[in-house]
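For reference, the structure is listed below as structure tokens.
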Number of protein chains: 2
Amino acid sequence: MKTINLTTQRQAVYDVVRQSEDHPTAAEVMNRLVERGHSFAYGTVYNSLRYLADKELIRELKLGETASRYDARTDDHQHIVCEVCGRVDEVMTPVPEEWMTRVAEETEYEVHEAHVVLEGVCAECRSKRKR
Amino acid sequence: MKTINLTTQRQAVYDVVRQSEDHPTAAEVMNRLVERGHSFAYGTVYNSLRYLADKELIRELKLGETASRYDARTDDHQHIVCEVCGRVDEVMTPVPEEWMTRVAEETEYEVHEAHVVLEGVCAECRSKRKR
DNA sequence: AATAGATTTATACTTATTCTAAATTGAAAT
DNA sequence: ATTTCAATTTAGAATAAGTATAAATCTATT
Ligand SMILES: [Mn+2]
Ligand SMILES: [Mn+2]
Ligand SMILES: [Zn+2]
Ligand SMILES: [Zn+2]
């Protein structure tokens with residue numbers, strides 16, 4: 001049931017995701033694997049990412065870009081994307097329970113989760129802009 | 001600058017989106033155009049949707065599915081997707097300003113907007129399930 | 001060692017969308 | 001009315017991300 005089989009490939013993919021701070025795409029994971037001397041088939045990287053996400057060791061993020069990103073943080077959190085440089089940062093402030101409750105009332109849905117993608121300008125791009 | 005040129009094709013695409021309650025995908029828009037007796041090139045439908053979204057007559061939604069959906073409502077609102085039947089409903093209860101402010105403090109971003117996709121089970125699927 | 005299930009690999013395929021270059025349209029100027 | 005020119009549409013090719021397939025390889029158990 002709960003048994004997790006970490007093959008060489010899966011372990012290497014997992015390591016890359018865990019050691020990345022920037023929510024890499026599958027293509028970025030692949031590049032980093034090559035940098036580390038691995039050469040796995042593309043399909044294997046996709047399979048591994050899917051496997052790790054299924055086992056909840058990582059999360060797949062759909063941020064509205066063309067490619068999914070992957071995140072080794074599996075605790076509840078959201079994301080913010082810089083409109084200027086594209087960086088993706090963590091949002092740890094939780095979505096208010098009370099808002100979710102109100103949405104459940106409004107929509108008559110049983111609400112399971114909320115995926116939030118915020119957009120704005122990061123501190124770095126803001127300071128660059130002022131000048 | 002602000003001039004909007006609604007060709008026959010763009011007008012027809014706009015009409016379909018406005019008269020749809022269900023946030024159709026580009027392929028669904030195309031089917032509905034054919035039902036109405038139109039036969040536009042695929043590229044034209046995509047171009048029209050992009051044009052209308054640029055002019056802010058409609059909105060493009062990225063809900064984490066493979067295909068974008070389109071929405072004739074351009075006022076501020078969010079969406080909820082049923083995990084069982086896939087239907088997409090409106091969420092009009094606004095995201096709390098206060099939460100956005102806290103996120104701005106936490107991340108040091110200048111926050112411009114929030115895109116929220118909630119997931120859960122709709123009333124209809126819930127009642128079907130209970131039996 | 002033999003078997004069998006799981007996994008990896010290379011490659012083909014799919015889906016959504018964008019790009020391209022030629023043809024068409026339509027408004028403005030003659 | 002005819003010419004002109006930019007904007008638009010069209011058909012089809014191209015791209016990007018991801019999935020499916022089938023053969024080869026690995027691994028645990030007899
Ligand atoms: Mn994250
Ligand atoms: Mn909507
Ligand atoms: Zn930035
Ligand atoms: Zn439902």
[X]: which residues meet the salt bridge (charged side-chain N to carboxylate O under 4.0 Å, His left out) condition with it, sequence neighbours left out?
X       : result
R50(A)  : none
K128(B) : E124(B)
R10(A)  : none
D89(B)  : R87(B)

[atom1] of [X] versus [atom2] of [N]: gap in Å, rounded?
X      : N       : atom1 : atom2 : answer
E28(A) : dA16(D) : CD    : C1'   : 14 Å
K62(A) : dA17(D) : NZ    : C1'   : 11 Å
L6(A)  : dC26(D) : CG    : P     : 19 Å
Q11(B) : dT9(D)  : CD    : C1'   : 17 Å

**Prompt:** Quick one: hydrophobic cluster around V121(B), which other residues, with the 4.5 Å side-chain cut-off, linked directly or via members?
**Reply:** V84(B)

**Asked** Got a sec, which hydrophobics cluster with M100(A), joining ILVMFWY side chains under 4.5 Å apart, including via others?
**Response** I80(A), V91(A), V95(A), W99(A), V103(A), Y109(A), V111(A), V116(A), L118(A), I80(B), V91(B), V95(B), W99(B), M100(B), V103(B), Y109(B), V111(B), V116(B), L118(B)

**Complete:** Closest of dA11(D), dA10(C), dT9(D) to the T44(B) side chain is dT9(D)

Are any non-hydrogen side-chain atoms of [X] and [Y] less than 4.5 angstrom apart?
X      : Y      : value
R32(B) : E28(B) : yes
T25(A) : Y70(A) : no
V29(A) : V13(A) : yes
E56(A) : T74(A) : no

**Request:** Indicate whether the side chain of S68(A) and that of E60(A) have a donor and an acceptor atom separated by less than 3.5 Å.
**Result:** yes

**Asked** Can you list, by residue number, the residues of residues 29-39 of chain B that have a non-hydrogen atom closer than 4.0 angstrom to DNA chain D?
**Response** none

Distances for protein N or O near nucleotides 16-22 of chain C N or O, under 3.5 Å:
unit_1, atom_1, unit_2, atom_2, d
dT17(C), OP1, S68(B), N, 2.8
dT17(C), OP1, S68(B), OG, 3.4
dT17(C), OP2, Y46(B), OH, 2.8

**Complete:** By ring-ring contact (aromatic ring centres under 6.0 Å, His included), H38(B) pairs with (sequence neighbours left out) F40(B)

**Request:** Mind checking ring-ring contact (aromatic ring centres under 6.0 Å, His included) for H77(B) and listing every partner two or more places apart, or none if nothing turns up?
**Result:** H79(B)

Taking N or O atoms only and anything under 3.5 Å, show me the protein contacts with nucleotides 23-29 of chain C, one pair per line.
none

Filtered N/O pairs between nucleotides 6-8 of chain D and protein, under 3.5 Å:
unit_1, atom_1, unit_2, atom_2, d
dT8(D), OP1, N5(B), ND2, 2.9
dT8(D), OP1, R10(B), NH1, 3.0

